[in-house]
Protein chains: 2
Amino acid sequence: MPRRRARGTGAPQRPAPEVSAPVFAALGDETRLWLITALCAGGSQSIAQLTAGTQISRQAVTKHLRVLAEAGLVRDVKVGRERLWEFAPGQLEEARRSLDVIAAQWDYALTRLKRAVEG
Amino acid sequence: MPRRRARGTGAPQRPAPEVSAPVFAALGDETRLWLITALCAGGSQSIAQLTAGTQISRQAVTKHLRVLAEAGLVRDVKVGRERLWEFAPGQLEEARRSLDVIAAQWDYALTRLKRAVEG
DNA sequence: AAAAAATGCAACCATTTGGTTGCCTTTGTC
DNA sequence: GACAAAGGCAACCAAATGGTTGCATTTTTT
């Protein structure tokens, strides 16, 4: 039985584009990035509160929040007559991992290239 | 003169949405994510080569490459009658940092909340 | 009960996006 | 020189996106 390869020397796993793409798409808008950081730093906030921080209409904010929610980046809790939105860290971690995987693939390719040149 | 605050205890810096958003937007498409990983793992490739790996037309691939180039994620070199595209790691690193900053903000907010509850 | 606040729903609009096709130009190759 | 390969340019199209406005609904507050 051949010895197990040491960790980190094989080709890195490919990320699954069909899962990460929607998250990146959701992050790919200035207003939504702003909403994320606002919720992240300021805790749960209502639509009205969030709207107060922007130049756009409440309805526009609502739509952006829906996009973020569908990407799993935020979730909402209804409380009384208002709806509080909060950041959900899961998918952002997933996105981080995706970028890490791409970076690792790149490093791996560079290393291979270097070896090929030297050897 | 007051002693300098120890590293990592202050509120993290906000990311600049206007710089990171276009990069995330460029990453927010399955085909483009695929192109990135293809270039990342397979080195410089021509439009024809890249098109061969997809179901869409050469022109569509060209358009996607242009989007990626405008986000600074790839660059091209003309050689003879073909144009070779290669991955450019800079903006992806920037995107990674952006996500790190958001995650750090979140951690900071959680810590603060925890302290408030305990104290 | 009436008024105000917070939100939902729906229609509408302009622009962008992701894709196509057809044809022209440039560059190798036989 | 003729032909094939690789790519550029431009027009076109349908659908998605980001925004608006108007009005209805649900909860509070007074």
Side-chain angles (χ1 to χ4, degrees), chain A residues 17-39 42-87 91, chain B residues 17-39 42-87 91:
Chain A
E18 59 276 14
V19 47
S20 6
V23 180
F24 288 127
L27 294 172
D29 178 279
E30 283 195 25
T31 303
R32 287 195 292 264
L33 267 188
W34 181 87
L35 286 172
I36 289 277
T37 63
L39 290 178
S44 306
Q45 290 173 64
S46 72
I47 298 179
Q49 282 178 299
L50 291 167
T51 303
T54 70
Q55 304 281 72
I56 60 181
S57 75
R58 171 180 58 87
Q59 281 307 319
V61 172
T62 297
K63 285 192 183 182
H64 281 303
L65 287 170
R66 194 162 57 82
V67 172
L68 289 172
E70 276 166 8
L73 286 165
V74 301
R75 57 172 122 50
D76 67 291
V77 186
K78 284 220 59 172
V79 39
R81 85 182 126 179
E82 57 186 12
R83 199 162 150 187
L84 295 183
W85 291 85
E86 61 187 19
F87 177 62
Q91 288 305 110
Chain B
E18 59 277 13
V19 48
S20 6
V23 181
F24 288 127
L27 293 172
D29 177 279
E30 283 195 24
T31 304
R32 288 196 290 267
L33 267 187
W34 181 87
L35 286 172
I36 290 277
T37 63
L39 290 178
S44 305
Q45 290 174 65
S46 71
I47 297 179
Q49 283 178 300
L50 290 168
T51 302
T54 69
Q55 305 281 71
I56 61 182
S57 75
R58 171 178 59 87
Q59 281 307 319
V61 171
T62 297
K63 286 193 184 181
H64 281 302
L65 287 170
R66 194 163 57 82
V67 173
L68 289 172
E70 275 165 7
L73 287 164
V74 301
R75 57 168 146 350
D76 68 291
V77 187
K78 285 219 57 171
V79 41
R81 84 179 128 179
E82 58 187 10
R83 200 162 149 188
L84 296 183
W85 291 85
E86 61 186 20
F87 176 61
Q91 288 304 110

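In what follows, chains carry the letters A, B, and so on, assigned in the order in which the sequence lines appear, proteins first and then strands, with residues in each chain numbered from 1.
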Report the distance from atom [atom1] of [X] to atom [atom2] of [N], rounded to the nearest whole Å.
X: A:Gln55; N: D:dG18; atom1: CD; atom2: P; answer: 18 Å
X: B:Lys78; N: C:dG28; atom1: NZ; atom2: C1'; answer: 13 Å
X: A:Glu82; N: D:dT25; atom1: CD; atom2: C1'; answer: 16 Å
X: A:Leu65; N: D:dG19; atom1: CG; atom2: C1'; answer: 15 Å
X: B:Leu84; N: D:dG7; atom1: CG; atom2: P; answer: 8 Å
X: B:Asp29; N: C:dT16; atom1: CG; atom2: C1'; answer: 13 Å
X: B:Arg81; N: D:dA6; atom1: CZ; atom2: P; answer: 6 Å
X: A:Leu35; N: D:dG18; atom1: CG; atom2: P; answer: 12 Å

Quick check: does any side chain N or O of [X] sit under 3.5 Å from a backbone N or O of [Y], one acting as donor and the other as acceptor?
X: B:Gln49; Y: B:Ser46; answer: yes
X: A:Arg32; Y: A:Ala26; answer: yes
X: A:Arg58; Y: A:Thr51; answer: no
X: A:Gln45; Y: A:Ala38; answer: yes

Could you grab the distance from atom [atom1] of [X] to atom [atom2] of [Y], nearest 0.5 Å is fine?
X: B:Thr31; Y: B:Gln55; atom1: OG1; atom2: CD; answer: 10.0 Å
X: A:Thr54; Y: A:Leu35; atom1: OG1; atom2: CG; answer: 7.5 Å
X: B:Asp76; Y: B:Trp85; atom1: CG; atom2: CH2; answer: 4.0 Å
X: B:Glu30; Y: B:His64; atom1: CD; atom2: NE2; answer: 10.5 Å
X: A:Ile36; Y: A:Leu68; atom1: CD1; atom2: CG; answer: 4.5 Å
X: B:Glu82; Y: B:Ile47; atom1: CD; atom2: CD1; answer: 9.5 Å

Determine the contact category for A:Arg32: base if any of its heavy atoms lies under 4.0 Å from a base atom, sugar-phosphate if only primed atoms, P, OP1 or OP2 are that close, otherwise nothing.
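Sugar-phosphate: the residue A:Arg32, judged by heavy atoms under 4.0 Å, touches backbone atoms but no base.
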
Which is true for B:Ala60 with a 4.0 Å heavy-atom rule: it touches a base, it touches only sugar-phosphate, or it touches nothing?
base

Scan nucleotides 9-14 of chain D against the protein and return all N/O pairs shorter than 3.5 Å with their distances rounded to 0.1 Å.
| from | atom 1 | to | atom 2 | distance (Å) |
| --- | --- | --- | --- | --- |
| D:dC9 | N4 | B:Gln59 | OE1 | 3.2 |
| D:dC9 | N4 | B:Gln59 | NE2 | 2.7 |

When the nearest nucleotide of DNA chain D is assigned to A:Ile56 and to A:Gly80 on a heavy-atom basis, which residue is associated with the more 5' position?
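Looking at the nearest nucleotide for each, A:Ile56 comes out on the 5' side.
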
Members of residues 67-74 of chain A that approach DNA chain D, where some heavy atom sits under 4.0 Å away:
none

If you check every side-chain atom of [X], which of [options] has the closest atom?
X: B:Ile47; options: D:dG7, C:dT20, D:dG19; value: D:dG7
X: A:Ser57; options: D:dT20, C:dT29, C:dA6; value: D:dT20
X: A:His64; options: D:dA6, D:dG18, C:dT7; value: D:dG18

OP1 or OP2 of C:dA6 sitting under 4.0 Å from any side-chain N/O of A:Ser46?
no

